[in-house]
Amino acid sequence: MLSSVKNPDLAAQREVLESISPQIAEYMQRHRDSRKLWMPSDLLPAHERSDAEHEAELVALRERARGLPDSVRVALALNLLTEEGLPHFHRLVAQYMGHDGVWAEWNNLWTAEEDRHGCVLRDYVRDARLFDMRALEQMQYQYIESGFNPDWKDDPYRLLAYTSLQEKATQTSHANAGRLAGQYEPKLQRILAHICADESRHYVFYRDSFAAVLKVDTNRALAALASIAPSLAMPGHNIAGYAQMSEVERRAGIYGPREYLKLIEDLLKHWAIDKLDGLSAVGRAAQDKIMQLPKRLQRMAEYVESKAQARSFSFDFIYQRAFEMAAGRGG
Ligand SMILES: [Fe+2]
Ligand SMILES: [Fe+2]
C-alpha cells in the first residue's frame, strides 16, 4: 500500500502531468518510430516445425554456454529476476501515473516491451541449461509474492525520477554482462544487446519526460529527484541473496557504485541541474543536495572497494558451487 503520508501537492502535480501530455504523446510516437519490435522467438526459435538444423543449434548453444563463468551466470540470474519483477512496476506506474490518458497508454506499451525481456532471458537460460531452474524459480516466486512498495509518498515525479535512473541502470548491467558473456556465448550477447536497445529507448523516454516536468514545475521536480537519487533501491533488493548477487556484479565490473556514479553524472549534466535558477528555498536545497551527490557516491565507491577482500560465493541456483572473486576495482 501507499505510505499513509498524503502528498499535499498531488492535485497540482497531476495538473502539470496533464498539461505536458501532448509532449509525452510526441515522445511516445518518437519511441514507436525508432524501435524495432523483436519477439523472443526471433532470437530463440521454438516452433512446432523446428528442423534438424535448429536442433543442432540448440546442442551447440548448450555446449558454448557450458563455458560461461559462474560470475556471469549470477549476473544473468539477477538481471533475469529484475526483469521478472515487471508486475510490480506495471502496478506502480498505473498507481502513480493513473489509469487513463497518455500515461496509461505508455504504461501498457512499455509493459508489453518489458515483458519480452524476462521472457527471452528465461527462454535462454532454459535452452542453455544454465541453472538449477527450481531454485531460480523459487527466488522469482518469492520476489513477486513479497511485493515491492518503495516509499515514494504518493509523488508521481519520484516515479519518473526512479524510472529514468532504473532504465539506465538495467541497460548498463545488461550491456556489461553481455560484454563478459560474448567471448563464450555470442548468442547471449546478441540477446542482451536487443534488450539494451529497448532499455536505452525507455531511458530516453523517461529522461525527457522528467525534463518536461523539470521545466514547468522545477522546484517540486528537484525535490523529487533529491529524494530518489541518493540511494536507488534496486527492485530486487528483497530477494534472498540479493546483496551477495549484487556484490558479484560489482566485483565483475557489471554494475555497482561506480556505474551508478557514472549514470548520475550523465543525467545531472543532461538535465543541466546546476544551471537551474530562480528557485525557491526548497528547490535550492534540493539542487545543492543533488549536486553534492557525485562526490558522495565517489566516496562510497572508494569505501566499498577499500573494505572488500577476495572471497568465495555460492548460490543455490548454481548448485552451491563455490567460486572465488577478487575484491573488485581498486581492491
Ligand atoms: Fe527490461
Ligand atoms: Fe526498460
Side-chain angles (χ1 to χ4, degrees), residues 24 27-44 75-97 102-125 136 139-140 143-144 148 150 158-179 181 188-211 228 232-237 239 242 245-246 249 254-255 259-260 263 266-267 270:
I24 303 307
Y27 293 155
M28 202 156 83
Q29 193 52 47
R30 178 185 67 182
H31 173 86
R32 279 201 172 101
D33 293 342
S34 68
R35 73 179 176 177
K36 265 200 224 106
L37 194 56
W38 51 271
M39 294 293 148
S41 65
D42 299 338
L43 298 160
L44 291 167
L76 202 60
L78 182 55
N79 293 359
L80 164 58
L81 290 168
T82 305
E83 293 291 348
E84 296 285 24
L86 185 58
H88 301 320
F89 286 93
H90 179 78
R91 168 183 46 82
L92 285 166
V93 175
Q95 188 177 319
Y96 280 82
M97 307 308 283
V102 69
W103 293 102
E105 206 186 315
W106 166 259
N107 190 16
N108 289 332
L109 179 155
W110 173 82
T111 302
E113 290 191 7
E114 287 290 346
D115 188 52
R116 292 134 64 243
H117 299 173
C119 186
V120 74
L121 285 177
R122 191 187 147 88
D123 287 350
Y124 180 82
V125 302
L136 189 79
M139 293 173 88
Q140 181 177 336
Y143 174 34
I144 303 291
F148 176 57
R158 293 197 202 188
L159 177 114
L160 292 179
Y162 182 90
T163 48
S164 301
L165 300 173
Q166 177 62 23
E167 292 286 357
K168 192 67 185 177
T170 49
Q171 183 197 340
T172 304
S173 165
H174 286 309
N176 288 335
R179 181 175 46 78
L188 176 55
Q189 186 172 23
R190 190 158 166 256
I191 290 169
L192 291 170
H194 278 70
I195 298 177
C196 277
D198 284 358
E199 309 297 21
S200 155
R201 281 185 288 265
H202 296 159
Y203 164 68
V204 168
F205 174 87
Y206 285 118
R207 182 197 69 188
D208 292 355
S209 298
F210 188 81
I228 289 291
L232 188 70
M234 290 294 277
H237 68 98
I239 299 171
Y242 175 82
M245 291 168 86
S246 20
E249 285 209 349
I254 292 174
Y255 186 80
E259 285 70 28
Y260 187 57
L263 80 87
D266 290 351
L267 261 178
H270 185 87

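These numbers come from the heavy atoms of this one structure, side chains and all, not from hydrogens, waters or symmetry mates. First listed ligand is number 1; within each ligand, the first listed atom is number 1. Because the structure is a prediction, the values reported are computed rather than measured.
- Using a 4.5 Å heavy-atom cutoff, the side chains of P150 and Y162 are not in contact.
- Screening R122, E199, H174 against H117 for a side chain to side chain donor-acceptor pair (under 3.5 Å) leaves a single residue, E199.
- Protein atoms of type N/O/S that fall under 2.8 Å from the Fe ion (ligand 1) number 5 in this view.
- The backbone N or O of A211 lies less than 3.5 Å from no partner atom in the side chain of H270, so there is not a single donor-acceptor pair.
- Looking at every heavy atom in both residues, L80 comes nearest to V125 through CD2-CG2, 4.0 Å.
- For the residue pair E83/N79, the side-chain donor-acceptor check at 3.5 Å is not satisfied.
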Start with the C-alpha distance between D266 and K168, add both sets of side-chain angles, then the distance that settles salt bridge (Lys or Arg N to Asp or Glu O under 4.0 Å), and finish with yes or no. CA-CA 10 Å; D266 290 351; K168 192 67 185 177; 5.8 Å; no
